[in-house]
Amino acid sequence: MKKKNTNVFVMIVLVIVVFILGYYTYLSNQTKNKQGTTTKTEKEELLDNNFAENYPKTVREMMKTYCKYLKMAYSGGCTDEELRQLNSQMRQMLDDELLANNPADRQLNGLKTDIILYEEKKQKFIGYTLEEASQIQYNKEEGKEYAKTKVLLNFKVGTDSVTMEQEYLLRKDEMERWKIMGWQTVKPKNANK
């Protein structure tokens, strides 16, 4: 009887030891996996975005993505190469007609000039607010689908907060992707006054 109890005890201890070793190995692998994977910053994600595989599906998603690029550009801290990549990414969200009238080099130079002016005026892009999906206006003309939406762009100017309302016109292309045809400033609003 004593030998039987000893064998049972030894088996239980072996099972516990195997379980502990297995659990330790599992935890070690989890730690290695976490250390091996690096998380991309939002800037890296935007610059590396593959629109062929990951194009925004709705007007609201499209404008959210576009505003992220605007914020990145006007918040400062981009190198010339990053601005070139950013400009290239933003151009993928523009309608063919707008692209035809704005060559990439001219658009990039305009972006750089705007950023310099913003820095000189101590302006900084701090955020944006999109219209609710139910507020976006849709219409169809000559077989083409159009959408009109407003975006509030928020800036810091010195110590003041300023909100600029812009209205964007978008059109669906032949691949069913919403593209920006143009925009206009509706009216500036001073948040502190």
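What you see is a predicted model; the values in this text were computed from it and never measured.
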Hey, can you pull the donor-acceptor pairs under 3.5 Å for the side chains in residues 142-149, sequence neighbours left out?
residue, atom, partner, partner atom, Å
Y146, OH, R171, NH1, 3.4
T149, OG1, E131, OE1, 3.0

Connected via hydrophobic side-chain network under 4.5 Å: [X] and [Y]:
{"X": "V151", "Y": "L169", "value": "no"}
{"X": "I126", "Y": "L86", "value": "no"}
{"X": "M181", "Y": "Y168", "value": "no"}
{"X": "M90", "Y": "F51", "value": "yes"}
{"X": "L70", "Y": "L130", "value": "yes"}

Minimum heavy-atom distance M72-C78, with the two atoms named: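 Shortest heavy-atom contact: O-SG, 3.5 Å.
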| query | side chain to side chain contact (heavy atoms under 4.5 Å, CB included) with V186: which of M164, E167, Q166? | reply |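 With V186 as partner, M164, E167, Q166 yield a single side chain to side chain contact (heavy atoms under 4.5 Å, CB included), made by E167.
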- Query: Would you call M63 and I136 a side-chain contact if the rule is heavy atoms closer than 4.5 Å?
  - Reply: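 Of all side-chain heavy-atom pairs linking I136 with M63, none is under 4.5 Å.
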Could you walk me through whether N49 and L46 pass the side-chain contact (heavy atoms from CB on, under 4.5 Å) test, one step at a time? CA-CA 5 Å; N49 190 16; L46 289 171; 5.7 Å; no
Hey, could you give me the [atom1]/[atom2] distance between [X] and [Y], rounded to the nearest 0.5 Å?
{"X": "E42", "Y": "L47", "atom1": "CD", "atom2": "CG", "answer": "10.5 Å"}
{"X": "T129", "Y": "E165", "atom1": "OG1", "atom2": "CD", "answer": "10.5 Å"}
{"X": "K179", "Y": "M93", "atom1": "NZ", "atom2": "CE", "answer": "9.0 Å"}
{"X": "L94", "Y": "I180", "atom1": "CG", "atom2": "CD1", "answer": "5.5 Å"}
{"X": "R91", "Y": "N102", "atom1": "CZ", "atom2": "CG", "answer": "7.0 Å"}
{"X": "K172", "Y": "M62", "atom1": "NZ", "atom2": "CE", "answer": "13.0 Å"}

For this session: Using distance alone, with no hydrogens and no angle criterion, decide if E141 and N139 have a side-chain donor and acceptor under 3.5 Å apart.
Result: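 N139 and E141 do have a side-chain donor-acceptor pair below 3.5 Å.
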- Which pairs pass side-chain hydrogen bond (donor to acceptor under 3.5 Å, both in side chains) with one or both residues in residues 55-72, sequence neighbours excluded?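 The answer is Y69-Q89.
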Going by atom type alone, with no hydrogens or angles, which donor-acceptor pairs under 3.5 Å involve a side-chain atom of residues 108-125 and a protein atom two or more places apart or on another chain?
residue, atom, partner, partner atom, Å
N109, ND2, D105, O, 3.3
T113, OG1, N109, O, 2.9
D114, OD2, Y74, OH, 3.3

